[in-house]
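Here is how names work: the chains are called A, B, and so on, in the same order as the sequence lines, proteins then strands, and each is numbered from 1.
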2 protein chains.
Amino acid sequence: MKISTKGRYALRVMIDLAQHDNGEFIALKDIADRQQVTVKYLEQIVSALNKAGMLRSMRGNSGGHRLARPADQYRVGEILRVMEGDLSPVDCVGDPPAACPMQEGCATVEFWRGLGRVVNQYVDSYTLQDLADQDLTERVLSYSI
Amino acid sequence: MKISTKGRYALRVMIDLAQHDNGEFIALKDIADRQQVTVKYLEQIVSALNKAGMLRSMRGNSGGHRLARPADQYRVGEILRVMEGDLSPVDCVGDPPAACPMQEGCATVEFWRGLGRVVNQYVDSYTLQDLADQDLTERVLSYSI
DNA sequence: TTTATATCATACTTTTTACGTAGGAAAAAG
DNA sequence: CTTTTTCCTACGTAAAAAGTATGATATAAA
């Protein structure tokens, strides 16, 4: 029940880009220095974020990356799901749902589905801007199962 | 962000014991047949549940296992945490919390702590009896970060 | 008291996934 | 045309997850 390092780093990269956003492209080297991760490892993560349309990238000298949209237009959940897939706790309630031999009359599937829903609602209740600003003031959600 | 098979099986074992509770000890063989898992694998899981005080076990002929308390006295979260540990999404907000070189001024730690809280509140909002009865009627929690 | 049936304890194997590294191609700017 | 950067893909290693195997120990019943 853990978020992978790729998911964690992806979020930190996006926060870093939000906090250092000045309209210019920011090189991975700079992010790597600040976040204490190798450029090579970040390349993989940023490549996935790029393909998912999360950022704009430019090659070559003075190239780099910047956010594709304003930071308050990203739900944190969107970013995490790029690296982690749907955040479902078990495969049978994932997307696509995995087949399960015990499906009929399974006493747990709806419970798991509800957990996935709760997790996704939580991570979607914050924007990238919230984290970049460290704005974690109390917020209340209600959810139903 | 997945629950392990041990966590899933542990829950199914407990539900099975709740549904077939007749005061007698129930042999792993019976559970294994119903749940389509090997006895040998279940032994490991049940051993952990037993050590955690989740059930009463009896060796020997006509031995087996039964719940240590009424099914409505188990929070589902208790059962899951036996197999999964605390259900925190990252180690730095776990119990015990792992050291992190980037601690000071980390923009994500409180976000992760909140996610762990939400997950634990959800799994603790159901009792074993709820799942055994398939009683997943809507319930609403509110949580704060 | 022997036998059959269970749990209990531990170690081992296998498979999968996570994590990180490496090498080089392609593009852009100066 | 050189430097700097992203881009692409493959590879390696280590850790964790998943499942097996062996044998000891306890209990009830024959």
Side-chain angles (χ1 to χ4, degrees), chain A residues 1-13 17 24-33 35-68 80 82-85 89-91 94 98 100-101, chain B residues 1-13 17 24-33 35-68 80 82-85 89-91 94 98 100-101:
Chain A
M1 202 60 183
K2 288 278 186 283
I3 295 284
S4 72
T5 61
K6 288 195 179 175
R8 288 187 286 117
Y9 288 166
L11 186 53
R12 279 164 54 184
V13 165
L17 286 173
E24 308 285 306
F25 290 102
I26 295 170
L28 276 191
K29 186 170 160 304
D30 299 336
I31 302 174
D33 287 349
Q35 300 296 329
Q36 302 279 59
V37 189
T38 64
V39 169
K40 277 296 179 191
Y41 198 29
L42 283 189
E43 279 181 0
Q44 288 183 24
I45 291 158
V46 159
S47 168
L49 291 170
N50 191 19
K51 279 174 182 161
M54 296 282 143
L55 33 82
R56 290 295 124 84
S57 304
M58 177 69 97
R59 290 183 173 188
N61 204 332
S62 79
H65 308 270
R66 58 179 161 79
L67 297 183
L80 293 178
V82 171
M83 307 309 294
E84 303 286 319
V90 295
D91 286 335
C100 168
Chain B
M1 202 59 185
K2 289 279 186 284
I3 295 285
S4 72
T5 60
K6 289 196 178 175
R8 289 187 285 117
Y9 290 167
L11 186 52
R12 279 165 53 185
V13 165
L17 285 173
E24 307 286 305
F25 290 103
I26 295 169
L28 276 190
K29 186 169 160 306
D30 299 336
I31 302 174
D33 287 347
Q35 300 296 328
Q36 302 279 58
V37 188
T38 65
V39 169
K40 276 298 173 192
Y41 198 30
L42 283 189
E43 280 183 357
Q44 285 184 28
I45 291 158
V46 159
S47 168
L49 291 171
N50 191 20
K51 279 175 183 162
M54 296 283 143
L55 35 81
R56 289 296 124 83
S57 305
M58 178 70 99
R59 289 187 176 187
N61 203 331
S62 79
H65 309 271
R66 58 179 161 78
L67 297 183
L80 293 178
V82 170
M83 307 308 295
E84 302 287 316
V90 296
D91 287 335
C100 169

Point to revise | Interatomic distance, A:Ile26 CD1 vs D:dT6 C1' [rounded to whole Å] | key: 15 Å
Review point. Quick one: on DNA chain D, does A:Val46 or B:Tyr9 contact a more 5' nucleotide (nearest heavy atom)?
Key: A:Val46
Practice item. Round to the nearest Å and state the distance from A:Glu24 atom CD to D:dT5 atom C1'. Key: 15 Å
Review point. What residues, two or more places apart in sequence or in another chain, satisfy side chain to side chain contact (heavy atoms under 4.5 Å, CB included) together with B:Asp91?
Key: A:Lys2, B:Ala98
Point to revise | Span of DNA chain C in contact with chain A (heavy atoms, under 4.0 Å) | key: C:dC19 to C:dA29
Exercise for review: Using side chain to side chain donor-acceptor pair (under 3.5 Å) as the criterion, list what pairs up with B:Arg8, not counting sequence neighbours.
Suggested key: none
Review point. Side chain to side chain donor-acceptor pair (under 3.5 Å) with B:Thr38: which residues, sequence neighbours excluded?
Key: none
Check your understanding: Excluding sequence neighbours, so at least two apart, what forms side chain to side chain donor-acceptor pair (under 3.5 Å) with B:Tyr41?
Key -> B:Thr5
**Study point:** Set of side chain to side chain contact (heavy atoms under 4.5 Å, CB included) partners for A:Arg56, sequence neighbours left out
**Key:** A:Phe25, A:Arg66, A:Ala68
Exercise for review: Would you mind reading off the distance between B:Leu42 atom CG and D:dA18 atom C1', rounded to a whole angstrom?
Suggested key: 13 Å
Review point. Would you say the side chain of A:Met83 lies within less than 4.5 Å of the side chain of A:Ile45, judging by non-hydrogen atoms?
Key: yes
Practice item. Return the set of residues passing side chain to side chain contact (heavy atoms under 4.5 Å, CB included) with B:Asp30 (not counting sequence neighbours), or none when no residue passes. Key: B:Ile26, B:Ala27, B:Arg34
**Study point:** Intra- and interstrand pairs of DNA chain D - dot-bracket, Watson-Crick/G-U under 3.5 Å, | marks other strand
**Key:** ||||||||||||||||||||||||||||||
Exercise for review: Look at A:Asn50 and D:dT6 and indicate whether a side-chain polar atom (N or O) is within less than 4.0 Å of OP1 or OP2.
Suggested key: no
Revision key, fill the gap. Sorted by chain and residue number, the side chain to side chain contact (heavy atoms under 4.5 Å, CB included) partners of B:Ser4 (sequence neighbours excluded) come out as B:Lys6, B:Glu84
Check your understanding: So which heavy atom on B:Val46 is nearest to which on B:Val13, and how close?
Key -> CG2-CG1, 4.1 Å
Exercise for review: Sequence neighbours left out, what passes salt bridge (Lys or Arg N to Asp or Glu O under 4.0 Å) with B:Lys40? Give chain and number order.
Suggested key: B:Glu43
Exercise for review: Indicate for each nucleotide in nucleotides 8-17 of chain D, in 5' to 3' sequence, whether protein heavy atoms under 4.0 Å reach the base (B), only the sugar-phosphate (S), or nothing (-).
Suggested key: B-B-------
Review point. Residues in salt bridge (Lys or Arg N to Asp or Glu O under 4.0 Å) with B:Glu24, at least two apart?
Key: none
